[in-house]
Visitor: 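I'd like to ask you about the structure that follows.
Proteins get letters first, then strands, A, B, ... in listed order; numbering begins at 1 in each.
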Amino acid sequence: MDTRRESPFTREAKRIIRAIPRGRVATYGQVAALAGRPGAARGVAWILHSSSAAAALPWHRVINGRGGISLGRGRGFEEQRKRLAAEGVAVGRGGRVDLRRFQWEPKNGTAGLSRGARDFIGVLLREE
DNA sequence: CCTATGACAGACA
DNA sequence: GTGTCTGCCATAG
């Protein structure tokens, strides 16, 4: 997979993903924003899709902005659900996770705000 | 350069 | 809540 040197964005994204603590989750958009590319959620998706297990990343801690597991049944869904549950993350039917309770807050104090606001704040915290 | 793909996200009906 | 449409981005051919 990793054909060779990775782009700065890819490296950053992976660094961010590795920073997600146990028992917490982050959204693709959040990772992209923290990696310095707000809106590059699909880029993050591509990264995990092409090199998740191989990169030794806690890929299971990355879910979509709707608080759900994006992997399809039989394509990793159960595995991700299992890993999250093992860390104490409550995964409801349909692979739903309550972002208000489990979304990773790089600094904290952003709970209750909208996803966009949290992601934006994450970017600011990163800038300073 | 251009098209296609993907574990996305937001807006809107 | 659901379904659809559009915009994003990185990477592969």
Visitor: Is there a donor and acceptor pair, one atom on the side chain of A:Arg66 and one on the base of C:dG1, closer than 3.5 Å?
Guide: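 Under the 3.5 Å cut-off, the side chain and the base do not form any donor-acceptor pair.
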
Visitor: Quick one: NE2 on A:His49 to CG on A:Leu71, what's the gap to the nearest 0.5 Å?
Guide: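 Spacing of NE2 (A:His49) from CG (A:Leu71) equals 10.5 Å.
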
Visitor: Please determine, for B:dA7, whether a Watson-Crick or G-U wobble partner exists with both distances under 3.5 Å, and give it or none.
Guide: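 When the pairing criteria are applied, nothing turns out to pair with B:dA7, so the answer is none.
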
Visitor: Is there a donor-acceptor contact under 3.5 Å from the side chain of A:Gln30 to the main chain of A:Gln103?
Guide: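 Not a single qualifying donor-acceptor pair exists.
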
Visitor: Between atom CD1 of A:Ile17 and atom CG of A:Leu57, what is the distance when rounded to the nearest 0.5 Å?
Guide: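 A:Ile17 CD1 to A:Leu57 CG: 5.5 Å, rounded to 0.5 Å.
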
Visitor: Rounded to the nearest Å, what distance is computed from the CD atom of residue A:Gln30 to the C1' atom of nucleotide B:dG10?
Guide: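 Interatomic distance, CD of A:Gln30 to C1' of B:dG10: 17 Å.
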
Visitor: With a 4.0 Å limit, can you tell me whether A:His49 has a side-chain N or O closer than that to the phosphate oxygens OP1/OP2 of B:dG6?
Guide: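 The answer is no; no side-chain N or O of A:His49 sits under 4.0 Å from OP1 or OP2.
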
Visitor: What integer distance in Å separates A:Arg96:CZ from B:dA7:P?
Guide: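 To the nearest whole Å, that distance equals 17 Å.
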
Visitor: Between atom CD in A:Gln103 and atom P in B:dC8, what is the gap in whole Å?
Guide: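 Distance check: A:Gln103 CD to B:dC8 P gives 16 Å.
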
Visitor: If I compare all heavy atoms of A:Ala26 with all of A:Ile20, which pair ends up nearest, and what's the gap?
Guide: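 Scanning both residues completely, I find the closest heavy atoms to be CB-CD1, 3.6 Å.
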
Visitor: Over how many whole Å does the gap from A:Ile17 atom CD1 to B:dC8 atom P extend?
Guide: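 So the CD1-P distance, A:Ile17 to B:dC8, works out to 13 Å.
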
Visitor: Heavy-atom count around A:Arg96 CZ within 6.0 Å, excluding the residue itself: above 12?
Guide: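 Correct, the count exceeds 12.
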
Visitor: Could you point out which residue of A:Lys82, A:Gln80, A:Glu87 forms a side chain to side chain donor-acceptor pair (under 3.5 Å) with A:His60?
Guide: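 Single side chain to side chain donor-acceptor pair (under 3.5 Å) partner of A:His60 among A:Lys82, A:Gln80, A:Glu87: A:Glu87.
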
Visitor: If you take any heavy atom closer than 4.0 Å to DNA chain B, which residues from residues 69-87 of chain A end up in contact?
Guide: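 Listed by number, they are A:Ser70, A:Leu71.
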
Visitor: Between the protein and nucleotides 7-10 of chain C, list every N/O to N/O distance that falls short of 3.5 Å.
Guide:
{"residue": "C:dG7", "atom": "O6", "partner": "A:Arg42", "partner atom": "NH1", "Å": "3.3"}
{"residue": "C:dC9", "atom": "O2", "partner": "A:Gly43", "partner atom": "N", "Å": "3.4"}
{"residue": "C:dA10", "atom": "OP1", "partner": "A:Arg37", "partner atom": "NE", "Å": "3.1"}

Visitor: As an exercise, state the distance from CG of A:Leu84 to CD of A:Glu79, rounded to the nearest 0.5 Å.
Guide: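 Between atom CG of A:Leu84 and atom CD of A:Glu79 there are 10.0 Å.
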
Visitor: Specify the closest pair of heavy atoms between A:Thr27 and A:Val62, including all atoms of both residues, with the distance to one decimal.
Guide: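 Closest heavy-atom pair between A:Thr27 and A:Val62: C-CG1, 4.3 Å.
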
